[in-house]
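These notes are about the structure you will find just below.
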Amino acid sequence: MIQVYNTLTREKEIFKSITPGKINMYVCGPTVYNYIHIGNARSSIAFDVVRRYFEYRGYEVNYVSNFTDVDDKIIKRAREEGVDEMTIANKYADAFEEDTLPLNIKPATVRSRATEVIPDIIVFVQDLIEKGYAYESEGDVYFRAKKFKGYGILAHQDLNEMTENAAGRLDDDELIRKEDPIDFAVWKATHEKDEISWQSPWGDGRPGWHIECSVMAQKYLANTIDIHGGGIDLAFPHHTNEMAQSEAHTGQKFVNYWMHNGFVNVNDQKMSKSLGNFTTVHDMLKHYDDPMTIRFLLATTQYRRPINYSPDTLAQARVALDRIRTGYRNLLFRLNEAAVGQDDVVEIAIEKQITFFESAMDDDLNTPNALASVFELVTLANRYAEDKAVHSNTVKHLLDTIRLFMGIFGITGLSGEPQITDMQKQLLDARESARASHDFDLSDQIRQQLSEVGIIVEDTAQGQRWHQA
RNA sequence: GGUAAUAUAGCCAAGUGGUAAGGCAACGGUCUGCAAAACCGUCAUCGCCGGUUCGACUCCGGUUAUUACCUCCA
């Protein structure tokens, strides 16, 4: 039984998919006007872990996400650089793929761009107008927020206050165009000649921000989807508006479980351009050689909690991950000499941790608790690796379990997949025989030589073992 | 002002109405030619004040602090 926290009800709820064994989930993707920042990465990783866990639990997950590739920020950026909007959008959409690859984020089943669904958006907006939920005004089309029963409940905002707040921020022109300050744009008229635009029944224009997600979720998934994810800041206005549009359009419930990830702070400060701490994944990967550590930090914090990203927290993550890697290697090293069979005592201990891991993850993806069971498995592995005799079934079971669980967090390559040359292999052999004959000067010299090319040699009761730094 | 979240050891971070997971650091051992890794052990009474209860860190009320959202934002 899996439970997830639903932002709409503010409670952990028992998860039940609409179609048994299948999950339709939609996660809001980035606006492609710049390299993605660590917050975008966190969101992608959080829902990547959700997806991987549901897959581990046997679900087939249909994962749809978008690129917002038409928007004010993109238009602005294009103007600044003197290129057209699609040049900007394509560049940063490609960069997204590049930057998420080292972080081992699974590609979406469908990754759609707003500009690919313009005809669908127009049909959708037309329908909203026909149903009386939207109205055209000077080429813009606005959604009548108050006509939609329950507007604002996702973010638990009071309608009157929202109206006041909205009224205070709008300029006079907007107030004139809107029937009510709280109404939001589903279609925006083009006012400048150099802006990207599409023809529509309301004149040249482009879609509002929220409409693309409503359209894609319906087009690629269904009227009612199982899970909708995104950053907590999207609960209002983005998801609030999506929900209003979608339910007004279909007359059906839009989303069964709304899941929102927490923010990433950088050095204990909110990430923002004004503070100059806008950390892009692109830069991080350039200056940090172990992307799996970044992934580890982002994936093993419970998804709703804030994360502080700093050199310190990253260093802690590195040490923790290295402990897992080392334990994995320590046992892997014994695999070749393992006897046939298994050890029941260890097997029982492994099963206990599997149960613990699963119940932690079942509880709204409690990754910190799940991680604790991985550490228990690592201790088991280290201890077992020191046993005089080991059995292959148990060695494999331990290794497989650790790898499987880390895989749910999206961490791969635990053993470092070492590659050495024949020459280096000969050196290792030479060192082994030097040690056997107690020629420690020679063995130390070879160890030093190997360490200079990144091969770390360690001696154990079971003989020499090595790994790459 | 409104709506929420969070406050647990030096640090990161779980958790439960019956006396606090895990990781790092620290300290003490074991193993060891050295180095490294590992193993064993030690290490908190849960922001503050009240209340409910046989018993609360875990429920209720209040209070303090920090943070986020209230149409740029993952």
Side-chain angles (χ1 to χ4, degrees), chain A residues 7 10 27-31 33 36-47 71-73 76 145 152 155-158 160-162 164-166 168-170 174 181-185 208-210 229-238 240-241 260-265 268-273 278 297 300-302 304-308 310 312-313 315-324 326-327 329-330 333 356 360 363 366-376 378-379 381-383 385-386 435 438-441 443-444 447-448 451 456-461 465-467:
Chain A
T7 307
R10 290 183 177 176
V27 177
C28 289
T31 299
Y33 73 109
I36 59 166
H37 59 253
I38 185 162
N40 295 303
R42 200 248 170 122
S43 186
S44 295
I45 287 172
F47 292 104
D71 155 282
D72 291 348
K73 292 191 287 289
K76 181 164 175 274
H156 305 266
Q157 296 288 321
D158 181 80
N160 293 326
E161 298 226 354
M162 282 196 290
E164 277 177 37
N165 283 327
R169 299 201 179 205
L170 297 178
E174 283 176 301
I182 202 173
D183 293 348
F184 59 90
W209 174 32
H210 320 292
I232 185 62
D233 54 316
L234 295 184
F236 187 85
H238 186 54
T240 295
N241 293 350
H260 292 99
N261 65 273
F263 268 98
V264 179
N265 294 320
D268 284 319
Q269 285 185 311
K270 182 187 165 167
M271 186 165 50
S272 74
K273 286 183 178 169
F278 197 84
L297 174 63
T300 58
T301 301
Q302 210 272 346
R304 289 191 281 129
R305 304 270 312 211
I307 295 179
N308 185 37
S310 71
D312 190 49
T313 54
Q316 288 209 21
R318 178 70 170 256
V319 172
L321 178 55
D322 277 345
R323 175 171 166 78
I324 295 165
T326 302
R329 273 199 310 265
N330 285 169
F333 176 71
F356 191 91
D363 179 19
N366 192 329
T367 46
N369 270 345
L371 180 64
S373 71
V374 173
F375 278 111
E376 298 291 350
V378 166
T379 299
N382 278 322
R383 220 185 294 166
E386 290 185 359
R435 282 194 79 238
H438 291 260
D439 185 349
F440 296 120
D441 285 343
S443 73
D444 286 352
R447 181 168 60 192
Q448 176 59 32
S451 89
I456 311 299
V457 186
E458 296 167 358
D459 298 313
T460 74
R465 75 178 81 155
W466 55 272
H467 67 270

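Since the structure is predicted, the reported quantities are computational estimates derived from the model, not experimental observations. Hydrogens, waters and symmetry mates are skipped; everything else that's a heavy atom, side chains included, is used. Here is the naming used below: chain letters follow the sequence lines, and residue numbers restart at 1 for every chain.
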Round to a whole Å and report the spacing from [atom1] of [X] to [atom2] of [N].
X       : N      : atom1 : atom2 : value
D444(A) : G33(B) : CG    : P     : 12 Å
N308(A) : U6(B)  : CG    : C1'   : 14 Å
H438(A) : U32(B) : NE2   : P     : 13 Å
H156(A) : A4(B)  : NE2   : P     : 7 Å
D268(A) : U6(B)  : CG    : P     : 18 Å
D158(A) : G1(B)  : CG    : C1'   : 12 Å
E164(A) : U3(B)  : CD    : P     : 13 Å
D322(A) : A36(B) : CG    : P     : 16 Å

Taking atom [atom1] in both [N] and [M], what distance in whole Å separates the two?
N      : M      : atom1 : result
U64(B) : C73(B) : C1'   : 30 Å
C24(B) : C39(B) : P     : 9 Å
G47(B) : C40(B) : P     : 31 Å
A74(B) : A38(B) : C1'   : 40 Å
G15(B) : A26(B) : C1'   : 25 Å
A21(B) : C43(B) : C1'   : 15 Å
C11(B) : A44(B) : P     : 15 Å
C57(B) : U6(B)  : C1'   : 15 Å

Need the pair for [N]. Rule: Watson-Crick or G-U wobble, both distances under 3.5 Å, any strand; none if unpaired.
N      : value
U3(B)  : A68(B)
G33(B) : none
A21(B) : none
A26(B) : U42(B)
U53(B) : none

P306(A) or A461(A), whichever maps to the more 5' nucleotide of RNA chain B: P306(A)

Tell me whether the side-chain N/O atoms of [X] come closer than 4.0 Å to OP1 or OP2 in [N].
X       : N      : result
N366(A) : G15(B) : yes
N382(A) : C39(B) : yes
R10(A)  : A4(B)  : yes
R323(A) : G22(B) : no

Does [X] reach a base, just sugar-phosphate, or nothing at all? Heavy atoms under 4.0 Å.
X       : value
S373(A) : nothing
T326(A) : sugar-phosphate
R304(A) : nothing

Taking T300(A) as the fixed residue, which of L371(A), L321(A), I307(A) is the one that meets the side chain to side chain contact (heavy atoms under 4.5 Å, CB included) rule?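 Of all the options given, the one that passes is L371(A).
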
F375(A) side chain, from C-beta outward: closest of G22(B), C34(B), C12(B):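 Nearest nucleotide to the side chain: G22(B).
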
Output the single nucleotide from G15(B), C24(B), G22(B) whose closest atom is nearest the side chain of A372(A).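 The nucleotide sitting nearest to the side chain is G22(B).
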
Decide yes or no, distance alone: a donor-acceptor N/O pair under 3.5 angstrom between the base of A35(B) and the side-chain of R447(A).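 Side chain to base: pair present.
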
Side-chain donor or acceptor of D459(A) under 3.5 Å from a matching atom on the base of C34(B)?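 Flag set: donor-acceptor pair detected.
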
How does each nucleotide of nucleotides 65-74 of chain B score, in 5' to 3' order, for protein heavy atoms under 4.0 Å: base (B), sugar-phosphate only (S), or none (-)? ---SSBBSBB

List the residues meeting side-chain hydrogen bond (donor to acceptor under 3.5 Å, both in side chains) with [X], not counting sequence neighbours, and say none if there are none.
X       : value
T379(A) : R323(A)
D322(A) : R325(A)
R305(A) : none
D233(A) : none

Contacts of F184(A) meeting ring-ring contact (aromatic ring centres under 6.0 Å, His included) (sequence neighbours excluded), chain-then-number -> F143(A), H210(A)

Close side-chain approach of N330(A) to R465(A), heavy-atom, < 4.5 Å: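 Counting from C-beta outward, N330(A) and R465(A) do come under 4.5 Å.
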
CG-CZ distance between D459(A) and R447(A), expressed to the nearest 0.5 angstrom: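 With rounding to 0.5 Å, CG (D459(A)) is 6.0 Å from CZ (R447(A)).
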
Gap separating the CZ atom of R329(A) from the NE2 atom of H467(A), nearest 0.5 angstrom: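 So the gap between those two atoms works out to 4.0 Å.
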
Could you tell me which non-hydrogen atom of G39(A) sits nearest to which non-hydrogen atom of V264(A), and how far apart they are?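 For G39(A) versus V264(A), the nearest heavy atoms are CA-CG2, 4.1 Å.
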
